[in-house]
Amino acid sequence: AMGGERKGKIRPAVPLSFDEIGGQDRAKQELIEALDFLVHQDQISKFGIRPLKGILLTGPPGTGKTLLAKAASAYTDSVYIAASGSEFVEMYVGVGASRIRDMFKEARQKAQKAGKTSAVIFIDEIDVIGGKRDGGQQREYDQTLNQLLTELDGIHTSESPRILLIGATNRKEMLDSALLRPGRFDRHIGVDLPDKKGRNHILRIHARNKPLHDEVSMDKIAEESFGFSGAQLESVMNESAIYAMREESETIMQRHLSMAIDKVMMGEKTDRESTK
Ligand code: ATP
C-alpha cells in the first residue's frame, strides 16, 4: 500500500556535499566539470556552447549514484526532485507521460518559489522509461519516453529556471538510442565499484559517528571487503556496531568488522540464490 501511495510523489532534497561521497574520484571530477557548465551559464552562451541538459550515471547498484545526484544539486544551488523510472509505469496509456510533464512543471515552480535559477531532476532506473523496444516500432507509441524527450528538447539556455536531468541506470546497454543522442544525455559518467582506497574512504565516512577501537585497521577491512559496493560497506559498518553492542563491548573491534563483512557477503549470496 505504501508503495502505491508514494507513486509519482516527489521527495524533497537533503543537502549533501561531494565530501560525503567516498571514493569515486573520477566520477566526482567528471560530474563537477559538467556542472560547471551550468554554473557558468553566461560564459557558455558567450561561446555558443550547447547547454547541458542531461547527465547519465551508469554503474552497479549501491555505488553512490543517488548521492552524486544530490551533491550535484547542492553544488549548483538547485532545487532537487527525484523519482524512480518504475513510478512512471502505468497501466493506462498517457498517465506516465503526464507524470513526466508534471514533474518538469513542478521542478520549474519549485525553483521559482525558492528563488533558485536551476532545478535538478533525478530519475533512478531510467532504463524502465527509456528502455530499448523490440523492433523499434512500439516506441512510437511509448508516450512516456516521448514526453521525456520532448521535455529535454524544450530546455533552452535562456530559460529560467534551468532544468538539469540526471538519470541513473545499471543497464546502460538497455537504453534507447534516442536518449543517448547529443542534446539529450550529453554526458555519461561511469560510477564503478570502489577500489581499495575508495572502500577505505567510504568506510571512514560511515564510521564517523561510531566508537571504533584504536586497534582497528581500516586498511585491512578495505582489503577484506573486495568487490563491495558503497551500500554494502555502509551495511558492514552498521552490522559491526550491532555485533559490538550485542557483546556489550565499549567499542567496535576488528573482529566485529570481520564478522560484519562475512554477514554482508552471506546476505548477498542468499539474495542471489533466492532469485534463482
Ligand atoms: P541504486 O542503483 O541501487 O539506486 P545508487 O548507486 O544510487 O544505487 P546510493 O543510493 O547512492 O546508490 O547509495 C546507497 C547508500 O549506500 C547511500 O545512502 C550510502 O549510505 C551508501 N553509499 C553508496 N555509495 C557510497 C559512497 N561512494 N560513499 C559513501 N556512501 C555510499
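No experiment lies behind these values; they were computed from the predicted model shown.
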Counting distance only, does the side-chain N/O of [X] pair as donor-acceptor with the main-chain N or O of [Y] below 3.5 Å?
X      : Y      : value
Thr63  : Gly59  : no
His40  : Phe37  : no
Asp142 : Leu145 : yes
Lys116 : Pro161 : no
Arg99  : Phe88  : no
Lys28  : Phe18  : yes

Mind checking what makes salt bridge (Lys or Arg N to Asp or Glu O under 4.0 Å) contact with Asp186, not counting sequence neighbours?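 With sequence neighbours excluded, Asp186 shows a salt bridge (Lys or Arg N to Asp or Glu O under 4.0 Å) to Arg50, given in chain and number order.
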
Can a salt bridge be assigned to the pair Arg26 and Asp192 using a cut-off of 4.0 Å between side-chain N and carboxylate O?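 Yes, charged N to carboxylate O under 4.0 Å.
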
Hey, quick one: are Leu164 and Val39 part of the same hydrophobic cluster, counting side-chain heavy atoms closer than 4.5 Å, chains of contacts allowed?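 Yes, same cluster.
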
Are Met253 and Leu233 connected in the hydrophobic side-chain network, where two residues link if heavy atoms are under 4.5 Å apart?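 Met253 does not cluster with Leu233.
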
Using distance only, find each side-chain donor-acceptor pair of residues 207-216 under 3.5 Å and give its atom names and separation, not counting sequence neighbours.
unit_1	atom_1	unit_2	atom_2	d
Lys210	NZ	His206	O	3.2
His213	ND1	Glu215	N	2.9
Glu215	OE2	Gln254	N	3.0

When you measure from the centre of the six-membered ring of Tyr243, is the NZ or CZ of Arg255 under 6.0 Å away and within 45° of the axis?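 Because its charged atom misses either the 6.0 Å distance or the 45° angle limit, Arg255 does not stack over Tyr243.
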
Side chains of Gln232 and Ser225: donor-acceptor distance under 3.5 Å anywhere?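 Per modelled atom types, Gln232 and Ser225 side chains form no pair under 3.5 Å.
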
Give the other cluster members for Leu193, using side-chain heavy-atom distances under 4.5 Å between Ile, Leu, Val, Met, Phe, Trp and Tyr residues; answer none if it is isolated.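 For Leu193, no cluster forms, as it stays isolated from other hydrophobic side chains.
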
Quick check: closest heavy atoms across Ser240 and Met237, and the distance to 0.1 Å?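 Answer, listing the atom of Ser240 first, then Met237: OG-O, 2.7 Å.
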
Result of checking Lys196, Arg204, Lys197 against Asn200 for side-chain hydrogen bond (donor to acceptor under 3.5 Å, both in side chains):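 Only one option passes, and that is Arg204.
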
Atom pair CZ (Phe185) and OG1 (Thr58), whose distance is rounded to the nearest 0.5 Å: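 Spacing of CZ (Phe185) from OG1 (Thr58) equals 11.0 Å.
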
